[in-house]
Undergrad: 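What follows is a structure written as C-alpha cells; I'll ask about it next.
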Amino acid sequence: MPMRSFKYITDPKALDAVADETRRRLIYLLRAKEQTVSQLAEALGRTPQAIYHQIKKLTAAGLVEVAREERVGHFIEAYYRATAEVFEFRHGEPSVKQRAGKGANSHIVMALKTLPRLGIDLNLDKESAERMGKLHARISAHEVDPALEERIMNLEDVDFLSKQHAYGLAKYATMTDKQFEEMLEDMQELRGLLTSSKPKSGQG
C-alpha cells in the first residue's frame with residue numbers, strides 16, 4: 001500500500017514522541033524511503049539498539065509502521081516507513097484516565113500562553129482556560145467518514161494541499177445540520193471567551 005498523504009494525530013503519546021529531536025529526524029528519513037534499523041543507525045551515527053528503542057516509541061504512537069519484511073539469512077529484517085507524508089496534530093480532549101487532575105488539554109493551555117508573545121494579551125483564569133480546551137477539542141472532533149477520507153487520500157491526480165481543502169469541504173458537506181449548529185455554538189463560545197479575556201483599555 002502507498003504511504004498515506006496525510007494523517008490526523010490526536011493521541012497524546014504522538015505529541016510527546018515528536019518532542020524528541022532524534023525521533024523527529026527518524027520520521028523525516030522514513031518519509032523519504034523505507035529503511036531498516038541498521039540503515040537508520042548508520043545515517044544518524046547511533047547504535048542499532050538506540051534506534052530500535054526510538055522506533056518502538058514512534059510505532060506505538062502511530063507515526064511509524066513496518067512497510068515490509070525481508071529474510072536475510074536466518075533473520076527477518078523489517079523495513080520501516082512513516083505512516084504519512086504529513087501529520088496534522090489535533091489536540092483532542094484527553095480521557096479522564098490520561099489527564100486525571102490536570103483539567104483541560106495541556107497543549108491548548110500551552111498554546112494560550114504563547115498568545116502574549118504574539119502581541120495578544122489575555123487575562124485568563126484556570127476555569128476559562130479549561131473551558132477553552134474542551135471547546136477546542138469538541139470543534140476538532142468533527143471528521144469525515146474514514147472510507148471517504150481514504151478515497152480523498154487515494155486521488156492520485158490531486159496534490160496534498162488540494163486534498164486537505166477537499167477534506168475540509170467534505171467535512172462540512174457531510175455534517176448534519178445539528179452537528180454544524182453545535183460546532184458553530186462551540187466556536188462562538190470559544191471566541192467569546194477569548195475576546196472577553198482581553199484587557200480593557202487602560203488595563204494590562
Undergrad: Are more than 12 heavy atoms from other residues, nucleotides or ligands located less than 6.0 Å from atom CD of E70?
TA: yes
Undergrad: Between CE of M175 and CE of M183, what distance do you get to the nearest 0.5 Å?
TA: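 If we round to the nearest 0.5 Å, M175:CE and M183:CE are 4.5 Å apart.
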Undergrad: Between OG1 of T83 and CG of L63, what distance do you get to the nearest 0.5 Å?
TA: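 Rounded to the nearest 0.5 Å, the OG1-CG separation comes to 5.5 Å.
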Undergrad: For residues 39-52, which residue pairs pass the salt bridge (charged side-chain N to carboxylate O under 4.0 Å, His left out) check, not counting sequence neighbours?
TA: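 Found none.
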Undergrad: Rounded to the nearest 0.5 Å, how far apart are CD of Q35 and OH of Y79?
TA: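 Those atoms lie 9.5 Å apart.
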Undergrad: Apply side-chain contact (heavy atoms from CB on, under 4.5 Å) to E185 and list each qualifying residue two or more places apart in sequence or on a separate chain.
TA: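 By the side-chain contact (heavy atoms from CB on, under 4.5 Å) rule, E185 matches no residue at all.
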Undergrad: What distance do D125 atom CG and E130 atom CD have between them, rounded to the nearest 0.5 Å?
TA: 9.0 Å
Undergrad: Under a 4.5 Å side-chain heavy-atom rule over Ile, Leu, Val, Met, Phe, Trp and Tyr, are L190 and Y172 clustered together?
TA: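 Looking at the clustering, Y172 is in the same group as L190.
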Undergrad: Quick one: CG on L44 to OH on Y28, what's the gap to the nearest 0.5 Å?
TA: 12.0 Å
Undergrad: Distance check, rounded to the nearest 0.5 Å: H74 atom NE2 versus I76 atom CD1?
TA: 11.5 Å
Undergrad: If the threshold is 4.0 Å, N to carboxylate O, is there a salt bridge linking R23 and E21?
TA: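 Judged by the 4.0 Å cut-off on N to carboxylate O distance, R23 and E21 do not form a salt bridge.
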Undergrad: Answer yes or no: is there an ion pair linking E182 with R138, defined by an N-O contact shorter than 4.0 Å?
TA: no
Undergrad: I need the minimum non-hydrogen distance between L193 and S197, along with the two atoms involved.
TA: O-OG, 2.6 Å
Undergrad: Any side-chain to backbone donor/acceptor pair from Q179 onto T176? Under 3.5 Å, distance only.
TA: yes
